[in-house]
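Report on the structure given below.
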There are 2 protein chains.
Amino acid sequence: MTKRGRATYHHGDLRQALFTSAVALLDSAGIAGLTIRAVAHAAGVSHAAPVNHFADRRALLTALATDFFGDIQTLAVEKMADAPAGEARLVAFAEAMIDYALAHPNRFRLLWRRDLLDDADTGLNTAMDSLYDRLLVELQAGGWPLRFDVETYAIGLWSLVHGYLSMRLDGNLVAAHDARTGEPRHRAIIAAFLASVAPPPT
Amino acid sequence: MTKRGRATYHHGDLRQALFTSAVALLDSAGIAGLTIRAVAHAAGVSHAAPVNHFADRRALLTALATDFFGDIQTLAVEKMADAPAGEARLVAFAEAMIDYALAHPNRFRLLWRRDLLDDADTGLNTAMDSLYDRLLVELQAGGWPLRFDVETYAIGLWSLVHGYLSMRLDGNLVAAHDARTGEPRHRAIIAAFLASVAPPPT
DNA sequence: TCTGCAAATTGACAATGTCAATATTTGCTT
DNA sequence: AAGCAAATATTGACATTGTCAATTTGCAGA
């Protein structure tokens, strides 16, 4: 019998419990609030117990980030499947990122904190590349007459979404609509970016 | 006579010395390496001396960020003045950001770490808004037939540059040229974004 | 001169990540 | 079934860091 309701000395599935607690803490207290000790406490174990399941804080954060990339990818695939081929699919991709980021700002922030993540982790890199490839593939499959590189569009769109969200999450930008077209801002931005694909009807 | 060559007990211009040491440390050791104690040591004073000039670490980082925004603005104004009116001015703006970010990656990273900066600091907010306004004004002055909001273009360009640099500094992107047009990637991206202003010659 | 304020030092504390030593449990081997 | 090794958890410790309180030092103005 140990302190907190746990019946056995060994937890049973501490790794999972730590992971769950970590997500909850991240959501509620931010990256700074996600300390190893707080996670351990939330899971009802001693402050040094996590070392058996995550080598260090970096490893835990890396595991989280990898998972979040997977979540976004799942969401993106869903949204893109529902959209007609073409520009709408790219908007769907962007909206998956935006929806996820606005729903879970701290999770999204973590994804870009490379200083806190394990650069060498193949799982993380694969998850990220895999998401990027979704975008690339969609652009390649579009069959549109691109004025630039496919990569220019992929990098551009990725950058656009990333930057837009960075501003939104920093509070420097509020949800709004383009005054001229009435579209949501992020769609207007994407449309502007893709204008060299399909020029406006003069 | 105190420990390190300093002739007087009172430093004389410690604030400036701390600031200089802080920039050097930031450049060489990153944000994480920029500790109050390390800065104090580099300036040759005791670990608690900085409190007289910067209330806490956040205040120091805020002062730095404010200064860096000013540097970028200076650079942007220079570059834009050298460019012919129109799209080239927007490219110049972007290039000012990109040049600065690549030359001083850690300084640039700090600018977006709102979790480490003082949100309420008017100096910081003014410096940032002022830079953004440069971009906005240039777009407004262009006299081009915009398909979208001026703000859509401003937010879009800002986001584009921000996201692009985030990738570059994270090592997820290498300097390259658009394979189709031969332009540097960042120019291709900007050109694509502004295509809805001046459609390509079919 | 001397007195008060600004600036710097010293020493302390709490939070955190991490490690070593120890304790407990589980499951495999015989 | 018994015993043992590996896995897992606890306890205690330490270094780093930001911050604060108490004290010391020196400068400038009355």
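Protein chains get the first letters and strands the later ones, always in sequence-line order, with residue 1 at the start of each.
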Tell me the interatomic distance from [X], atom [atom1], to [N], atom [atom2], rounded to whole angstroms.
| X | N | atom1 | atom2 | value |
| --- | --- | --- | --- | --- |
| A/Leu60 | C/dT18 | CG | P | 10 Å |
| A/His53 | D/dT8 | NE2 | C1' | 6 Å |
| A/Asn52 | C/dT18 | CG | P | 14 Å |
| A/Asp56 | C/dT16 | CG | P | 17 Å |
| B/Ile36 | D/dC20 | CD1 | C1' | 13 Å |
| B/His41 | C/dT9 | NE2 | C1' | 15 Å |
| A/Phe54 | C/dG17 | CZ | P | 14 Å |
| B/Asp13 | C/dA8 | CG | P | 10 Å |

(request) May I ask you to decide whether B/Arg107 forms a salt bridge with B/Asp67, counting only side-chain N to carboxylate O separations under 4.0 Å? (result)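 Result for this pair is no, no salt bridge flagged.
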
So, do [X] and [Y] have ring centers that fall under 6.0 Å from each other?
| X | Y | value |
| --- | --- | --- |
| A/Trp112 | A/Phe69 | yes |
| B/Tyr164 | B/Trp158 | no |
| B/Phe108 | B/His104 | no |

(request) Using the salt bridge (charged side-chain N to carboxylate O under 4.0 Å, His left out) rule, pick out the option among B/Arg113, B/Arg58, B/Arg114 that qualifies with B/Asp119. (result) B/Arg114

(request) Consider only side-chain N and O atoms of A/Thr152 and B/Asp178, and report whether a donor and an acceptor are under 3.5 Å apart. (result)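 Yes, a side-chain donor-acceptor pair sits under 3.5 Å.
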
Pairs: protein N or O with nucleotides 13-16 of chain D N or O, under 3.5 Å:
none

(message) Can you tell me which nucleotide in C/dA7, C/dG17, C/dT9 comes closest to the side chain of B/Ser46?
(response) C/dT9

(message) Quick check for you: among C/dT18, D/dT11, D/dA9, whose closest atom lies nearest to any side-chain atom of A/Arg57?
(response) C/dT18

